[in-house]
Enquirer: 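Take this structure, written in structure tokens, and hold onto it; I'll ask about it next.
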Amino acid sequence: MSLDLTTRYLGLKLKNPLVASAGPLTGDLDTLRRLEDAGAAAAVFPSLFEEQIEHEEMEIHNFFEFHAHSNAESRTYFPETISYQSGPEEYLKKLELAKQSVSIPIIGSLNGWSDGGWVRYAQAIEQTGVDALELNVYFVPTDPTLSAADIEKQYIELVARVRESISIPLAVKIGQNFTSLPHFARQLSTAGADGLVLFNRYLEADINLETLEYHPDLVLSNRHEARVPIRWIGILRDELDLSLAATSGVHRSQGILKLLLAGADITMMTSVLLIKGPEFLSTLLEEVTQWLTDNEYDSVEQLKGSMSRGNCADPSALERANYMKALVSYTTQD
Amino acid sequence: MSNRNFVTVDGNEAAAHIAYRVNEVIAIYPITPASPMGELSDAWSSAGKENIFGTVPDVIEMQSEAGAAGVVHGSLQAGSLTTTFTASQGLLLMIPNMYKIAGELTPTVFHVSARSLATHALSIFGDHSDVMSVRGAGWAMLASNSVQEVHDLAMIAHAATLQARVPFLHFFDGFRTSHEVNKIEQLSDADIRSMIEDEWIEGHFSRAMDPDRPVLRGSAQNPDVFFQAREAANPFYADLPQIVQDTMDRFAKLLGRQYHLFDYTGAPDAERVVVMMGSGVGAGEEAVKALLDQGEKVGLLKVRLYRPFDCRAFLEALPTSVRRIAVLDRTKEPGAIGEPLYQDVVTALADDEAWGTDSSESRVRPKVIGGRYGLSSKEFTPAMAARVFEELKSESPKRRFTVGIIDDVTHLSLAWDREFSTEAEEVTRAVFYGLGSDGTVGASKNSVKIIGENTSMYAQGYFVYDSKKAGSVTVSHLRFSPRPIDSTYLVERANFVACHQFQFLERMDVLATAEPGAIFLLNAPFEPDQVWDQLPQEVQQTIIDKKLKFYVVDAIKVAREAGMGNRINTVMQTCFFAISGILESQEAIGHIKKAIEKSYGRRGETVLRRNFAAVDAALDGLTEIKVPAKATSDLRRVPLLATEGTDFVSRVTSMLLAGRGDLLPVSALPVDGTFPTGTAKVEKRSIAQDIPIWDPDICIACGLCALVCPHAAIRTKAYPTESLNGKPKEFQTLAWKGKDLPNHLLTVQVAPDDCTGCGVCVDVCPAKSKEVVKHKAIDMLPKRDHLERERANFDYFLTLPELDRRELKTDTVKGSQLLQPLFEFSGACAGCGETPYLKLLSQLYGDRALIANATGCSSIYGGNLPTTPWSTNSEGRGPTWSNSLFEDAAEFGLGFRMSVDQKRSYAEYLLKQLAEVVGHDLVEALINSSQESDRDIDAQRERVGKLRKLLERCDRPGARQLSEIADSLVRRSVWIVGGDGWAYDIGFGGLDHALTTGRDVNILVLDTGVYSNTGGQASKSTPRAAVAKFAAAGKTVRRKDLGMLAVSYGNTYVAQLAMGANPAQTVRVFQEAESYRGPSIILAYSHCIAQGIDMSTAMTHQKDAVQSGFWPLYRYDPRLAHIGEHPFRLDSHKPKIPFEQFAMKEGRFAILARSDPKQAEALFRLAQSDIDDQWNYYEQMAGIEREISSSPEGNNHHEP
């Protein structure tokens, strides 16, 4: 009997659990095709960042208006008639083209900023014909009067609003810093999320010692980071009836297998493919296939969640947050 | 039947619309106020817009107007329909080709926004002195008086020239018509096509140079035939008036607007008639109507076809009843019997009287007087026109007069009745005061368009700007009327006044034009119930006295909440429509939104959404204030009349500052355009919101803040500790750390009322607090919290003694910044990248510098009245500055050098002649002093002083003359300053020549890579991939390497620098260039608003320019070759960041990535290879040994 690699994610049937996450490789048609050729089951297109679009639109507006009509000799400083692209149109066109260029499912991704923006752009992305939408939500709280509940409420309302406005499957990509992730995840599910993507890796600022300034920078992940989604997917798998995608630190086939064991429906990767090239995905796929074959699995479905918190032998290891010696029991518990 | 639109456009667009459609080639060069015609054509061409023949006109920007005229001539000869646009000096540069074009009977139309010629001063404003200077060139001259006429007569000119073969100069008044926005009926393409017969075009084609039908044209002729050949063209001129009239008649049939060569309006039995042309006709016509209503027998004759002057048509248009004629000329021809139009009218009448015509039988010979009006856009109002009619009534009128000024010297002026007004009741007249940066003018133009294009009403807009580039005040004059508006003068009686900036109330009388009962809308940053108490008492009183309806809105608050920052334009516009009653409020809001969509639609949804939000929130913030019965405010308007300064400053400059320059009589002004320097310091504009505040505890006394300050508004001064007497309590000091100045203190001081708040000083400040990193040795802090203290500190700072420059090490940044700047408080843009170089120049050599300044930004912030930043030290010495033209600064400065040397030569001759009186030792010392250092120069000055004393007692021949020119024995520093438009393009020929002369001139190119002053047109310094006007798709060729061209001469000192990247190299370059006794050229990287950058961090950004290799730093010093060293030295490191990383921080490059990503990618790649290639080249240059044989010293024998 042949090995069945298929998996279901957000209601989509995927040919295997290896998906390219949002990043520069999926935003380029050439590398996107290479990913497909390498066996990627789906790809998440890079996020449309509402803030960036708004910022750029306003920047271009200010660029043309800067010192305009201020002086008798110079009404403007730039040729006004050049046609330029500042809004989401170019992004959407590219997304549409990406969808048409490959046969694997394409998942749109959106980082909104304003209340109206999330809905408006979610609908616009849906119009391009993508198979699903991933909301890339993050918020760095700095206001001490804002409670965790307040913030969670904002997320929930946002997901509900987007859910109402589109009909394609909806995933929500979140960070790991929630006080009670299972509770929050359940709320997201109730609000209409079809899946969760765990976890978002934030742009972290570094300090330049010469200039004493912060420099926001994204560093590539390393394979050890997969431990975090392993834990939370393992915990969430049994509690929630929704799709779970693992992302962060997916570098090796071992990691992929571990994440699937914990309960991930798919694993998403970018860093490793940036380092080793899109074709490395096929190596990973081969290794996963080989391991499954070697270990006599029939299907990925079999593997998925077989080590979730409920299915594993010792869930306390998942729950333990700090180093201490394993609690050894000397007798059989009654 | 054509489908015609009503559009609201300005005169330039009205002309360009026609010109573009009927031409195939357009060659232009930017010049105010004609530039927009070329820019529009270029923009249309870039967008692929077709002319009526189905092709896209090829538009080219040339290196000068002379170049443009050459291209036009060539293109015409090769058979294409070709045009150009220009004004003023530009037209003068075209004259040689104009004679050729006419001599060869070549049809074309030049559209001219008529502008003053530079005489005693440059003026960008309008009069007929330029067009009158070409009246001998053999061109037909057609005058348009309004925006609609510009459109119509442009068409008539293009049609007539093709038929007649005589070229046409179509002109209209610069600014008053070129920049007035008015509602006009636009000709459709079908209209335009039907005005032009195919056979005329075919005729033009058939005369084209063509090797299949070869001809010889442009021959040289001898006395035998030149004369006859010149006369051979006569029939074409003879036929021309009829052709023009026929064209006008055909036009009338098509469009319904009938024009004649001369159009008369007024009483059929008029006894007094004014003859004039240009925009003044609008005011003249209103005066005639008003006088007719009073029963006076007056009329106005409008001249349309000025050349050829058709006497018959003129006489036929003139009522036979006329007894007196006043001819008004908008030009001055000193020494002539009268101005040109006057002379033509007199000649026509005299000819008629002497020889008779058909109409002469019944005509009583009228008496003619001639007057000048409106030079340089001086207002010409119906009251002035009425006064001219009044003068014609007089028993003995002034036969030569002026109107519009007060002439108390030659008493030519007519005093007019300022109460006379023809403003109609039905016209809404609105005046808006704003800042250049707040969008008031843009919104006002929009309002005109809204009314003009969405309602049956007519609308007119005219905009007045002050001459500052930072914090410039704009005044928009709008009229709305059910009938066409020809009021070609500023609104004098407004029934709506809006003040968009609260602080104006303190400094100007914004309500001066408000009629009783008018509406006053104020943007006030206060709660409505607090506004009244914040008004100066004068404003309160005026509101009460004039019974104004007073509304307020906190527009900044509304705009910020809508995400629009400080751009309050849409908020104020909405409020205007809501309370002016021109349109129903909701209807107006609909139109405003549509207008926003039209204007900004392409800029994206965010821009629209935020603007709409501002519109929607505007009315909620609008409140009518119940005006109290009494003015109770303790606040008073700030007096602008300076109480300090020279007599000239208090008599003249202060009047200009107060906006009352129009009231100055002739006697107040210099006869030859010579003004005192050092006047910017009396003008305390106080425009900054935040100013730099010094913390001596952190300061490392590097001097960078003072070096980069574009306005000399932050300064460093070292002074002996003991000189610190009676200091203000909070005056701060820092002990001087160097051994060079023992027992000295240092103070870093802001000039709080002169600072523009640009923040450049704080950005470059390297000293950060150890505890709170954001706190630097200077921080930008709210001015209001520090103003009083810093005012007192700055006043005290000025009283502290300047250091003796002989004691200073001035070749370092720190040392140079202890020198007194003699260029201070310029009105350049906040954060300007050019002015720090000029300030440094003034610090190092200002007390002995002669500056020849090319026209451009530097001549505007340097020499545009009311004030100049060029200043003097306590001994009265300072840079002496002059601007000749745009194209000739190098030659002009070279002339300075020749003259200075010659004067010195003569002084040496006289010294030798008087050696017995003066003493041989002193003569020897005076002639042979090396004057290499400040110490030497000071010693020479002392010798000159001694010499003068000796000469006082001497009555030998030449003694007095020697005394007069003795200062020429002190070494002079000649500087030639200009931008890249001058150095790379229009002035390159002269600059190139100056370099070859070996003379000791220092050329400073303030290189912004674009024509900054005229609004961002590409120059040959514009880098590859940058977007600029005339390079809308990104400049495709690389920047000309002017530095290496100069290096090729061998004996020229050449350096490229960027102050923000390497300040020490900058100071060194200035020192080396000046000390070199031959020609020097410095290419100074100057950031500019026209690059699309953040001006507050622009100095720091220069580091990226250098680190990317975009702007390598180097010095080429021929002196090194003389001593066997490599003369070319690279002062920057191998590029370490990619061009794209640098470029994407600048709008000029980044916009290309948005507008055309593929082109951007290609050009960025090429730009990177330019950089790589250039670096490779320079590296090799740095290894090249040269033997420079001709020592420049050989050419400069006067200065050892």
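It should be emphasised that the depicted structure is a prediction, and the values quoted were computed from it without experimental measurement. Order of the sequence lines fixes the chain letters, A, B, ..., with proteins taken first and strands second; residue numbering starts at 1 for each chain.
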Enquirer: Could you have a look at A:His55, A:Glu213, A:Glu50, A:Arg120 and say which one has the most heavy-atom pairs with chain B under 4.5 angstrom?
Expert: A:Arg120
Enquirer: In terms of heavy-atom pairs under 4.5 Å, which option from B:Phe1030, B:Tyr1011, B:Tyr600, B:Phe463 contacts chain A the most?
Expert: B:Tyr600
Enquirer: Could you tell me whether a side-chain N or O of B:Ser472 sits under 3.5 Å from a main-chain N or O of A:Asn71, the two making a donor and an acceptor?
Expert: no
Enquirer: Could you check which of B:Val773, B:Asn1013, B:Leu1152 has the highest count of heavy-atom pairs closer than 4.5 Å to chain A?
Expert: B:Asn1013
Enquirer: Check whether B:Arg1148 gets within reach of chain A through its side chain, its backbone, both or neither, counting any heavy atom under 4.5 Å.
Expert: both
Enquirer: Specify which of B:Gly565, B:Pro766, B:Ala1090 makes the most heavy-atom pairs with chain A at under 4.5 Å.
Expert: B:Ala1090
Enquirer: With a 4.5 Å limit on heavy-atom distance, are the side chains of B:Ile1089 and A:Tyr77 in contact?
Expert: yes
Enquirer: Step by step, work out the side-chain contact (heavy atoms from CB on, under 4.5 Å) result for B:Ile1151 and A:Phe63.
Expert: CA-CA 9 Å; B:Ile1151 194 74; A:Phe63 166 76; 3.9 Å; yes
Enquirer: Could you tell me which portion of B:Asn569 (side chain, backbone, both or neither) has an atom closer than 4.5 angstrom to a non-hydrogen atom of chain A?
Expert: neither
Enquirer: Is it the side chain or the backbone of B:Thr440 that comes within 4.5 Å of chain A heavy atoms, both, or neither?
Expert: neither
Enquirer: Can you check side-chain contact (heavy atoms from CB on, under 4.5 Å) on A:Met58 and B:Met564, steps first, answer last?
Expert: CA-CA 9 Å; A:Met58 288 311 290; B:Met564 293 301 300; 4.0 Å; yes
Enquirer: In terms of heavy-atom pairs under 4.5 Å with chain A, which of B:Lys774, B:Arg609, B:Gln1091, B:Gln1017 leads?
Expert: B:Arg609
Enquirer: Under 4.0 Å between a Lys/Arg side-chain N and an Asp/Glu carboxylate O for B:Arg603 and A:Glu65?
Expert: yes
Enquirer: Side chain from CB out, backbone as N, CA, C, O: work out which of these in B:Asp1094 comes under 4.5 Å of a heavy atom of chain A, or both, or neither.
Expert: neither
Enquirer: Please find the pair of heavy atoms, one from A:Ala72 and one from B:Thr32, that lie closest to each other, and give the distance.
Expert: O-CG2, 4.4 Å
Enquirer: Can you tell me which portion of B:Ile124 sits under 4.5 Å from chain A's heavy atoms? Options are side chain, backbone, both or neither.
Expert: side chain
Enquirer: Once you round to the nearest 0.5 Å, how far does OG of B:Ser599 lie from CZ of A:Phe64?
Expert: 13.5 Å
Enquirer: Check this for me: B:Lys768, atom NZ, are more than 12 non-hydrogen atoms of other residues, nucleotides or ligands nearer than 6.0 Å?
Expert: yes
Enquirer: Apply side-chain contact (heavy atoms from CB on, under 4.5 Å) to residues B:Lys469 and A:His67 and explain how you reach the verdict.
Expert: CA-CA 9 Å; B:Lys469 288 173 186 282; A:His67 279 250; 5.7 Å; no
Enquirer: Measuring heavy-atom distances to chain A, does B:Ile860 have an atom under 4.5 Å in its side chain, in its backbone, in both, or in neither?
Expert: side chain
Enquirer: Measure the shortest side-chain to side-chain distance between B:Lys1029 and A:Thr76 over non-hydrogen atoms and say whether it is less than 4.5 angstrom.
Expert: yes
Enquirer: Taking atom CZ as the centre, does A:Phe139 end up with more than 12 heavy-atom neighbours from other residues, nucleotides or ligands that are less than 6.0 angstrom away?
Expert: yes
Enquirer: Would you mind telling me which of B:Glu39, B:Lys445, B:His179 has the largest number of heavy-atom pairs within less than 4.5 Å of chain A?
Expert: B:Lys445
Enquirer: Mind checking ring-ring contact (aromatic ring centres under 6.0 Å, His included) for B:Phe125 and listing every partner two or more places apart, or none if nothing turns up?
Expert: B:Phe175
Enquirer: Please indicate whether B:Glu1161 has more than 12 foreign heavy atoms, meaning atoms of other residues, nucleotides or ligands, lying under 6.0 Å from its CD.
Expert: no
Enquirer: Start with the C-alpha distance between A:Arg75 and B:Val441, add both sets of side-chain angles, then the distance that settles side-chain contact (heavy atoms from CB on, under 4.5 Å), and finish with yes or no.
Expert: CA-CA 10 Å; A:Arg75 298 183 309 178; B:Val441 170; over 6 Å; no
Enquirer: Any chance you could measure A:Glu59, atom CD, to B:Arg1154, atom CZ, to the nearest 0.5 Å?
Expert: 11.0 Å
Enquirer: Counting heavy-atom pairs under 4.5 Å with chain A, which one of B:Ser437, B:Pro36, B:Ser35 comes out on top?
Expert: B:Pro36
Enquirer: Is there any ring-ring contact (aromatic ring centres under 6.0 Å, His included) pair reaching into residues 143-165 of chain A, and which pairs are they, with sequence neighbours excluded?
Expert: A:Tyr155-A:Phe178, A:Tyr155-A:Phe184
Enquirer: If you define the side chain from C-beta out and look only at heavy atoms, does anything of B:Thr474 sit under 4.5 Å from A:His69?
Expert: no
